[in-house]
Structures are given as structure tokens and as C-alpha cells.
Amino acid sequence: MCGICGELHFKGTRPDLASIRRMLDRLERRGPDHEGSYSDGPLAFGHRRLSILDLSERSNQPMVDPELGLAVVFNGTLYNFRELRAELAGRYRFFSTGDTEVILKAYHAWGEDCVKRFHGMFAFAVWDLREQRLFLGRDRMGIKPLYYSLTDQRLRFASNIQALLAAGDVDTGFDPVALHHHFTLHAVVPAPRTLFKGVRKLRPGHTLTLEHDGRVREQRYWALEAVRPDTPLSPEEWTQAIHDSLRQAVKKRLEVADVPVGVLLSGGLDSSLLVALLAESGVRNLQTFTVGFEDQPEEKGSEFEFSDPVAERYATVHHRFHVPNDQVLQRLPEAVDQMAEPMVGQDAVAFYLLSEQVSQHVKVVQSGQGADEVFAGYFWYPRMVAETEGSRVERFARHYFDRDHDEFLQMLAPELVSEDHTRALIEAALNEPGADTLLDAVLRLDVTTLVVDDPVKRVDNMTMAWGLEARVPFLDHELVELAARMPPELKLAEGGKGVLKHISRGLLPDSVIDRPKGYFPLPALKYVRGPFLDFMRDILDSQACRERGLYQRDYVQRLLAEPEKHLTRIQGSKLWHLALLEFWLQRQGVS
């Protein structure tokens, strides 16, 4: 687990090593254990390491294999690296015991198809010294980030946007299409776009090949099919298959580490089930971590009443952290600084503050992100299915879009608004072949696109800010492939995640299984009042915001006048959406 960066020049010029230095400085928190750099002709690599596997210096990066003529920088973990290593051992001599070197050998053995054999979360770049070719790959679920800036002169890439901005020479003009996505899909901007015209991100399940003369080729190596199997399974057989697959996913993410692994225990079904499955695997003295915040009259700020019984049942070494509201507001700028892209999810600061505490005890945690998207746990799924009128995109939009296009026209500066870009994107995705029903298509869209740039990115950014690796078993690609073929009614049963609830019976208290769906609670950023309202007003009334001219002032004043009345369809604060983006831009030094 690391931060990676690099620079490749196309037309005879050499990389700017000072830019690599600036990028490395912005990646330090992602990898506090070691820093390294490497250059070869038009190519330069930088790397910050968080040591999880093979803690020795033999696995430091950038890693170079002189015999093969290859160099690599790698962020992530290959859960099947031992199996791949055994397969490659007859052809190659290994000098380390971790997973990084396996990428070098696998690329030499299988070329660009090597990614199809990798099981894990990864973003990497391999440089072929002899062919002067750069090959970048990103995992199927987009768990590990990979941003890049491409011109006719050079490519730069890094694990976050901040590093690219620090390197300089980036077009930070707004991408109007990305802005439309951002304000319609609660801050999700699907790859390859970002809010900036000059920054893109590699799509999940894709690779990018760059030749020394500037030729660029992107390839898709994985796609998710959401169709029923040829041989039908009974509900009991589906439940057993999911149980077995999830158990294996949890076990792999426990065993592939040379350091202890804990669990972020929220008190919900998903993380509680991870604890139970780890206990099934024979884990003892598991460390679990829960955070709670101050209550609001409308909503509780902690889930200790649900997490405590799970910790007690499985005798975990349990850590509880309570964060008062004044600390949330005080620490909010720090969390925003660590966002590779602006994130409006109210639990971003929660994960940031929790990760700070967890990192003092372990280096690796398992987390429950992805379960709701894979197994239909959110309230809007049955509402979409229950709709009988309209196209797929219309049924989706009624229950998911933060704003309709008409409201978007009232909100943003006219020069940044044109057509309804998000509706067109979602319509195309929902109508792609390979999904039997509306819910199949929606869940496929969620797990391949939307989850990548909302909860998954949020967890990666906030944990890695403290040198903490988060692993997400519910997004194991083999489990996702299996679940995608399951009949939708088995997911929607029992109010959502029916198959997971069935697996959990007898493993977890019924109070945890049957409770209403919970969300990582941070009520102060949902019910905007008091100091939090003052904070947002100051941002939106600031000179920087007014001079930027992104928002129409009438719309801003309407939200400020009645902030708690302007909520999205999934109960997010519209005022917070505006304030967060402006605050993020200011914190990144973007004028």
C-alpha cells in the first residue's frame, strides 16, 4: 500500500526530477515507511511505501529487475500473489518475498494480459527499459486510485490530484460535463473525467499503454455481466455460494499481510458480519474500532449500542472513540485536504478521525464498503423497482439524482451549463447489454462506476491519510461476479441484503440484523445549524467564492435562508454540496 507517481516525456526531453520531488511530498502520508525514486531516459518514477508485505528493504520501490529490463511502482495488494509466484517460480529467480516483484515477472511472462490474472486491489506502472514503453493498470473495482495529466509533450501520473497540482502545469479549468456529474450524483465524477480539464483518472478494469513517441492505447480487460446462470440455483444454494465466496474473500484479506489486521466495526450488518466471518476462520484477539459523534434531535450520532454486542460476542479487543462536534468542525479542513477529489459524503471526516486513532494500533483494517451496492441495501433500490412508469433512466433519476437539470441551470454559472450530461451517461450505462432487469443494471452501474468514486474513494483517501490500509471484502471481484448473477429478489428480501441477513442468522444478534439500515452518522453535517451553518455561510460568502463565479448568487441565498429544507433525494444537504466544493478548491489553492 503506497503512493505512486511518475513522469514520461515523449519528444526527446527529460523528466523534471523537481516535479517528482514535489509529487512525492504530497504523497508522504500515503506511505510513511520509505521513499524512493528512479529514472531512465524519458521516464522517472517516485514511490512512498507503507510496508505490509515483506517488510524488508528488498521490497522497497521503485523496484527494478535488471535481468528483465523492467521497473515498477505499485500501490495495493495482490491477494493471489503466492499462487502466481509459485506458477512463475520455474521460469524466474525471485529476490524478494512480497507481491510487487510478482507484477514484474507476470508482466514479462504474460505481457499486458497479466492484469487478468491479478486478484486484488492495485494501481501500478511498469516501465520497459528496452522497448521504452510504459504500462499502467488499475484493478477491476477501482479500489486503488490512479490520476494522470496527459499533453502532447508528457504524461504525469499519481495516486492523488494534489500531487499532480504540486507538479505544476495542469489545466485547472472546470470540465462542464464533470461538474454536471458532480452535482447530480452526489459528488461522483465517473472515470475518466475529473472536475479539472487537465486531469483524468484511469477507468477501473482498464490499462493504459504509452509508447516513447506519444502513442497512447487504452484497453478494457474486465466487464461485469448481470445475467442469470444457465443452471438455476435454489435460494439455499445461492446463500451457500455467497457465504463460501464471502468467507474466502475475508480470509484472503486477513492472511495476505505480514502485520496485524483489524476491522472498522460500524455497528451495521456489513462490518459486523466481517467480524463473525473472521471468527469463523479462527481469528482470536481481533482488534475492532468504532467511532461515535454527538447526537442531534433528529438522529443519533453513534452506533455503540449495536457494535458493543458484536464485540462482546466475539471477544474482540474493542476500541471506542467519541468525537465532539467542536472537534469535527476544527478538524474538517484537515480531512478536506486529504480528499483527492471533493467528497460530500458526511462520513468522510468520520473516517478521517477514526483512521487517525486506528493507525496507532494496526496498519491494515477490513471494512464493509460495497455490501449495499452489491446486495441492494439502500432504500432507493426497491423504490426504483416498484416504479411502473418511465424508462430505466427515468426510474433511476426519480430516486437518486441530487438535482434535476432544471435546478442545475439555476445553480451554476450559465457558461458552465449546456445539456443534461448525467442523464445521457446513466441512460447509456443502464441500457448496456448484459443486465437482465432494471435492478441488475442499477447494481452493475453502482459497483462498477458509482461506488468507485464515492464510498471506496472516501475510505481509501481517509485511511491512507494516516498510513492505514483498508481492505474491502464485499468488493472482491469474484464475489461481485457471483452476486451479479443472483436473482434480484434474493437481494431485496427482508428490506434489502436478504442473502446477507440469512447468512448472519445465528452469527450476529438479531438486533443488528433486523435494525433499519444505518449510515455512518455525522448528524452535524446533515442538519446544518449553529457553527456548521456559519462555517458554510463564510465559505459561500467569501471573496474567493464570489470571484470564482461558479454559483449563481440567488441560488446560494435561497439555500442559506433555509438550509435544512434543501435536501437531496437521498437526504444529503444541498448547501453542504456547494460549500464543500468551494472549500476544497480553496484548500487546493485553485483560483
Side-chain angles (χ1 to χ4, degrees), residues 1-2 50-55 74-85 97-100 102 117-123 139-144 204 242-266 268-289 310 314 316-317 351 354-355 358-359 361-375 447 451-452 455-456 459-460 462-464 467-483 500 503 507:
M1 192 61 60
C2 315
L50 177 66
S51 303
I52 302 295
L53 286 166
D54 185 1
L55 309 184
F74 165 48
N75 171 29
T77 303
L78 299 186
Y79 300 121
N80 67 334
F81 85 95
R82 294 189 179 98
E83 294 87 341
L84 292 174
R85 181 188 174 108
T97 60
D99 52 353
T100 303
V102 169
R117 295 173 177 253
F118 295 160
H119 190 142
M121 52 181 184
F122 53 84
D139 67 74
R140 297 165 182 83
M141 309 307 301
I143 298 168
K144 290 292 108 185
I242 294 295
H243 194 165
D244 291 343
S245 183
L246 181 57
R247 186 188 292 114
Q248 285 302 311
V250 170
K251 186 177 181 181
K252 279 181 287 192
R253 284 156 181 78
L254 171 72
E255 293 178 343
V256 182
D258 293 331
V259 294
V261 179
V263 174
L264 300 181
L265 178 59
S266 71
L269 173 69
D270 311 328
S271 59
S272 299
L273 183 54
L274 295 182
V275 173
L277 292 175
L278 285 165
E280 272 192 337
S281 299
V283 177
R284 297 292 179 268
N285 298 318
L286 177 69
Q287 296 203 62
T288 53
F289 306 88
V310 174
Y314 290 107
T316 71
V317 181
F351 272 109
L354 176 59
S355 299
V358 175
S359 65
H361 300 272
V362 295
K363 272 190 172 182
V364 181
V365 287
Q366 297 199 23
S367 185
Q369 273 62 46
D372 288 298
E373 291 82 0
V374 174
F375 294 102
V447 300
V451 72
V452 176
V456 169
V459 171
D460 172 81
M462 298 300 103
T463 55
M464 289 301 292
L468 178 68
E469 176 182 303
R471 298 178 173 182
V472 282
F474 287 106
L475 290 177
D476 181 279
H477 81 267
E478 291 181 347
L479 174 64
V480 168
E481 290 170 343
L482 178 65
L500 296 185
I503 291 170
L507 294 176

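Computed from a predicted structure; not experimentally measured. Worth knowing before you read on, the calculation uses all heavy atoms, side chains too, and leaves out hydrogens, waters and symmetry mates.
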Between [X] and [Y], is any pair of side-chain heavy atoms under 4.5 Å apart?
X: Glu373; Y: Pro455; value: yes
X: Arg253; Y: Leu274; value: no
X: Leu246; Y: Leu273; value: yes
X: Leu264; Y: Ser271; value: no

Any idea which heavy atoms bring [X] and [Y] closest together, and the distance?
X: Phe474; Y: Val374; answer: O-CG2, 3.6 Å
X: Arg471; Y: Ile52; answer: NH2-CG2, 3.5 Å
X: Pro473; Y: Leu479; answer: O-CD2, 3.7 Å
X: Gly142; Y: Val456; answer: O-CG1, 4.0 Å
X: Ala470; Y: Met121; answer: O-CE, 3.7 Å

_Using the salt bridge (charged side-chain N to carboxylate O under 4.0 Å, His left out) criterion, which residues pair with Arg82? Sequence neighbours excluded._
none

Can you tell me how far apart [atom1] ([X]) and [atom2] ([Y]) are? Round to the nearest 0.5 Å.
X: Leu277; Y: Gln366; atom1: CG; atom2: CD; value: 9.5 Å
X: Met464; Y: Cys2; atom1: CE; atom2: SG; value: 6.5 Å
X: Arg140; Y: Asp476; atom1: CZ; atom2: CG; value: 9.5 Å
X: Leu286; Y: Tyr314; atom1: CG; atom2: OH; value: 11.5 Å
X: Glu469; Y: Asp460; atom1: CD; atom2: CG; value: 9.5 Å
X: Lys144; Y: Asp139; atom1: NZ; atom2: CG; value: 8.5 Å

*What residues form a ring-ring contact (aromatic ring centres under 6.0 Å, His included) with His119, not counting sequence neighbours?*
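His477.
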
If the condition is side-chain hydrogen bond (donor to acceptor under 3.5 Å, both in side chains), which residues does [X] pass it with, not counting sequence neighbours?
X: Asp258; answer: none
X: Thr463; answer: none
X: Ser367; answer: Gln369

_Derivation of the side-chain contact (heavy atoms from CB on, under 4.5 Å) call for Ile242 and Phe375_ = CA-CA 11 Å; Ile242 294 295; Phe375 294 102; 3.9 Å; yes

_More than 12 heavy atoms of other residues, nucleotides or ligands under 6.0 Å from NZ of Lys251: yes or no?_
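No - once you tally the heavy atoms of other residues, nucleotides and ligands closer than 6.0 Å, there are 12 at most.
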
*Could you walk me through whether Phe118 and Asp99 pass side-chain contact (heavy atoms from CB on, under 4.5 Å), step by step?*
CA-CA 10 Å; Phe118 295 160; Asp99 52 353; over 6 Å; no

*Within the distance-only criterion (no hydrogens, no angle test), does the side chain of Ser359 pair as donor or acceptor with the backbone N or O of Gly467 below 3.5 angstrom?*
no

*Answer yes or no: is there a donor N or O on one side and an acceptor on the other, between the side chain of Asp270 and the main chain of Gly370, under 3.5 Å?*
no

*For Gln287, what residues pass the side chain to side chain contact (heavy atoms under 4.5 Å, CB included) criterion, not counting sequence neighbours?*
Phe289, Val317, His319, His361, Val362

*Which of these, Thr316, Thr288, Val250, Val261, sits in a side chain to side chain contact (heavy atoms under 4.5 Å, CB included) with Leu278?*
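Option passing the side chain to side chain contact (heavy atoms under 4.5 Å, CB included) with Leu278: Val250.
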
*Walk me through it: do Met141 and Val452 pass the test side-chain contact (heavy atoms from CB on, under 4.5 Å)?*
CA-CA 7 Å; Met141 309 307 301; Val452 176; 5.7 Å; no

